[in-house]
Peer 1: 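My questions all concern the structure below.
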Amino acid sequence: ENGVIQTNIVCEDSSVLISIYNNGSNIPSDVINRLFEPYFTTKDCGKGTGIGLYISKIIVEQNLKGKIGIHNKDNGVEVVVEIPVANCDWIDAKGV
């Protein structure tokens, strides 16, 4: 009803941190621990392949040499992507 999605991009210690938060329901621990597994899905049969987050993880970790994670927060869920960069000069005082 009062859905919120917040994004934040900051550069810290030669890494860009991208976070995406929503105030939806928390993800059960037995599900959140498996979200990046290939072919894992909570959708009904024929409604999803279960490879979207797996491919995202491969791109972030292998191609960009970064990290990706999902965790529950008070009143929501946050996805955090960390990507190493040589410097943060390309980010101005207002962000990206």
Side-chain angles (χ1 to χ4, degrees):
E1 184 172 300
N2 292 314
V4 172
I5 296 176
Q6 296 174 334
T7 59
N8 191 36
I9 301 172
V10 296
C11 197
E12 294 179 355
D13 302 323
S14 298
S15 290
V16 173
L17 298 172
I18 304 162
S19 64
I20 302 111
Y21 165 83
N22 75 66
N23 67 339
S25 301
N26 285 145
I27 301 171
S29 60
D30 61 324
V31 172
I32 204 165
N33 293 330
R34 299 189 62 202
L35 286 178
F36 294 107
E37 292 179 13
Y39 307 110
F40 176 76
T41 183
T42 59
K43 295 181 180 176
D44 292 336
C45 187
K47 300 285 184 182
T49 61
I51 60 170
L53 287 174
Y54 172 72
I55 290 172
S56 298
K57 180 181 173 80
I58 295 300
I59 291 169
V60 169
E61 291 182 353
Q62 292 182 11
N63 296 68
L64 301 174
K65 308 299 182 212
K67 301 175 188 173
I68 185 170
I70 298 175
H71 59 273
N72 290 317
K73 290 186 75 166
D74 293 335
N75 304 315
V77 175
E78 182 178 47
V79 177
V80 178
V81 178
E82 180 179 351
I83 301 170
V85 294
N87 63 61
C88 296
D89 295 342
W90 55 275
I91 298 179
D92 64 24
K94 298 175 190 170
V96 177

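The structure displayed is predicted, hence computed values, not measured ones. Residues take their numbers from the sequence shown, with the count starting at 1.
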Peer 1: Does the side chain of I51 come within less than 4.5 Å of Y39's, by heavy atoms?
Peer 2: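 Contact flag for Y39/I51 side chains = yes.
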Peer 1: Is any side-chain heavy atom of N8 closer than 4.5 Å to a side-chain heavy atom of Y21?
Peer 2: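 The answer is no, as the side chains (C-beta and beyond) never meet within the 4.5 Å cut-off.
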Peer 1: For E61 and K67, which heavy atoms make the closest approach, and how far apart are they?
Peer 2: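 Here E61 and K67 meet closest at CG-CA, 4.5 Å.
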Peer 1: Does N26 reach the main-chain N or O of G76 with its side chain, forming a donor-acceptor pair under 3.5 Å?
Peer 2: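 Present.
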Peer 1: So, taking the atom named CD1 in I27 and the one named CG in N72, what distance separates them when rounded to the nearest 0.5 Å?
Peer 2: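 Result: 6.0 Å between the selected atoms.
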Peer 1: Which atom names give the shortest non-hydrogen contact between E12 and L17, and what distance separates them?
Peer 2: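 Minimum heavy-atom contact is OE1-CD1, 3.3 Å.
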Peer 1: Quick check for you: to the nearest 0.5 Å, what is the distance between S15 atom OG and K65 atom NZ?
Peer 2: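 It is 14.5 Å, given to the nearest 0.5 Å.
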Peer 1: Given side chains that start at C-beta, do those of V81 and L64 come closer than 4.5 Å, heavy atoms only?
Peer 2: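 No; the side chains remain at least 4.5 Å from each other.
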Peer 1: Looking only at heavy atoms, what is the nearest atom pair of V85 and C11, with distance?
Peer 2: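 Closest pair (atom of V85, atom of C11, distance): CG2-SG, 4.0 Å.
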Peer 1: To the nearest 0.5 Å, how far apart are OG in S14 and CD1 in I83?
Peer 2: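 If I round to the nearest 0.5 Å, the distance is 13.5 Å.
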Peer 1: Decide yes or no for V80 and H71: does some side-chain heavy atom of the first lie under 4.5 Å from some side-chain heavy atom of the second?
Peer 2: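 Sidechains of H71 and V80: in contact.
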Peer 1: Atom OG1 of T49 and atom OH of Y54: how far apart are they, to the nearest 0.5 Å?
Peer 2: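 Going from OG1 on T49 over to OH on Y54, the span is 12.5 Å.
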Peer 1: Quick one: closest heavy-atom pair of I68 and S56, and the distance?
Peer 2: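 For I68 versus S56, the nearest heavy atoms are CD1-CB, 4.5 Å.
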Peer 1: Give me the atom names and distance for the closest heavy-atom approach of P84 to G66.
Peer 2: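 Distance-wise, the nearest heavy atoms are CD-CA, 3.8 Å.
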Peer 1: Within this structure, what is the CG-CZ distance for the pair L53 and F40, rounded to the nearest 0.5 Å?
Peer 2: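 Reported to 0.5 Å precision, the distance equals 10.0 Å.
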Peer 1: Atom CG of N23 and atom CG of D74: how far apart are they, to the nearest 0.5 Å?
Peer 2: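 Taking CG in N23 and CG in D74, the distance rounds to 12.0 Å.
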Peer 1: Are the side chains of I5 and I20 in contact, using a 4.5 Å heavy-atom criterion?
Peer 2: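 A side-chain contact exists here, since the closest heavy-atom pair is under 4.5 Å.
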